[in-house]
Amino acid sequence: MSHYTYALIDGVLHQNAIKELYKSKQPIQVIPLYMGTRFEANHDLGPILVAALEGSTLIDTLKDTWTESVTLIHSDHYLREVATHLSQFITVTDETGSNALFRFADPVVTWYWLNSYEQNALPDILGPIAAWQIQRPKADWQTEQAQWDTYTNPNTAPLQFKINYLNEPQTKALDEAADFRFKNQQYNLLIEKANNPFQDKTEQQITDWLDQVITEAETNHLNTERGIGIWVDLAADYGQDFLTQPQGEYQTWLAENLQHKPLPLEVKLETYYKQLYNI
């Protein structure tokens, strides 16, 4: 039986991927997994499965240059069989009963998601996939060399569970993936500031600072990305204790704007933030 290597691309992370693939003028086969579904109109923004035919070096090129949007799939099965299996993950449900699109082609999501399963569940999840290679998530402030992790199908008897249902370990893993992306986003926003708070900090100090500040925001019952982002920005400019400094900017503003005092903290902070930065 032949062995094949396919590339799975996240169309959101690499927009115009399909056009770029065909521009390479290499012998390839491309299956946008949204084709034939109710999401077909956005097929270029969904997961895209690619096979390089004989004579093509495209897979190696994608691994080296599209690392943030590509994972590699090894299989003894044809592309269409792998595509059919992966299509089962296009939408998922969880214990709350919600039904949502699943970004399983996003390498960060894929890494956290696959790590949430016990080894004996992998035959069901991987199906015709012999091995799935994913670059280990690396924060933008980390300089260590990128590493690829491989999740191998043990080929034991499948458990025969509903593979597009997310149990608690999986929903927790997706929360961790979202947290990873959010911290990266906050880091990149802060380093663009004139008073870059990370200028003289080590990688570990950056990690610790972001962890501490985001935990403090959540402890103060901020639960939206907007609210937490405002907290992080204010902590960078005015210190982690900006909220409680007796003579600080925030307490001074609050004393001068008593009409805002009864409002939820997230509302107060957004109003203060907009006035402070003239947004």
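Just so it is clear, the model here is predicted, and its values are computed rather than measured.
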Student: Check the angle between the aromatic planes of His74 and His3 and answer parallel, tilted or perpendicular using the 30° and 60° thresholds.
Tutor: parallel
Student: One thing to verify: whether Asp233 and Lys193 come together as a salt bridge, which I'm taking to mean a side-chain N less than 4.0 angstrom from a carboxylate O.
Tutor: yes
Student: Going hydrophobic residue to hydrophobic residue with side-chain gaps under 4.5 angstrom, can you get from Tyr78 over to Leu49?
Tutor: yes
Student: Distance from Asp149 atom CG to Leu114 atom CG, nearest 0.5 Å?
Tutor: 10.5 Å
Student: Scan side-chain atoms only and decide if Glu20 and Asn16 contain a donor-acceptor pair under the 3.5 Å cut-off.
Tutor: no
Student: Under 3.5 Å, is there a donor-acceptor pair between the Tyr112 and Asp175 side chains?
Tutor: no
Student: Check for me, please, whether Phe89 and Val108 land in the same ILVMFWY cluster - side-chain distances under 4.5 Å, paths through other members count.
Tutor: yes
Student: Measuring from atom CD1 of Ile163 to atom CG of Asp124, what distance do you get when rounded to the nearest 0.5 angstrom?
Tutor: 7.5 Å
Student: Say whether, by atom type as modelled, one donor and one acceptor occur between the side chain of His43 and the main chain of Glu40 under 3.5 angstrom.
Tutor: yes
Student: So which heavy atom on Val109 is nearest to which on Phe104, and how close?
Tutor: CG1-CA, 4.4 Å
Student: Flag this pair as yes if the NZ/CZ of Lys201 is under 6.0 angstrom from the six-membered ring centre of Trp141 and inside a 45 degree cone about the axis; otherwise no.
Tutor: no
Student: Any side-chain donor paired with an acceptor under 3.5 Å for Gln204 and Asp208?
Tutor: yes
Student: Salt bridge or not for Glu144 and Lys138, using N-O below 4.0 Å?
Tutor: no
Student: Closer than 3.5 angstrom, by distance alone: can the side chain of Thr67 be matched with the main-chain N or O of Lys63 as a donor-acceptor pair?
Tutor: no
Student: Do Val232 and Phe180 share a hydrophobic cluster, counting only Ile, Leu, Val, Met, Phe, Trp and Tyr and linking them when any side-chain heavy atoms are less than 4.5 Å apart?
Tutor: no
Student: Give a yes-or-no answer on whether the side chains of Asp237 and Tyr277 include a donor-acceptor pair shorter than 3.5 Å.
Tutor: yes
Student: Indicate, with yes or no, if Leu234 and Ile191 share a hydrophobic cluster defined by side-chain heavy-atom contacts under 4.5 Å among Ile, Leu, Val, Met, Phe, Trp and Tyr.
Tutor: yes
Student: Please identify each residue that fulfils salt bridge (Lys or Arg N to Asp or Glu O under 4.0 Å) with Asp211, with sequence neighbours left out.
Tutor: Lys183
Student: Any link between Leu58 and Ile18 through a network of hydrophobic side chains (Ile, Leu, Val, Met, Phe, Trp, Tyr) touching at under 4.5 Å?
Tutor: yes
Student: Ring-plane angle category for Trp113 and Trp132, please: parallel below 30°, perpendicular beyond 60°, tilted otherwise.
Tutor: perpendicular
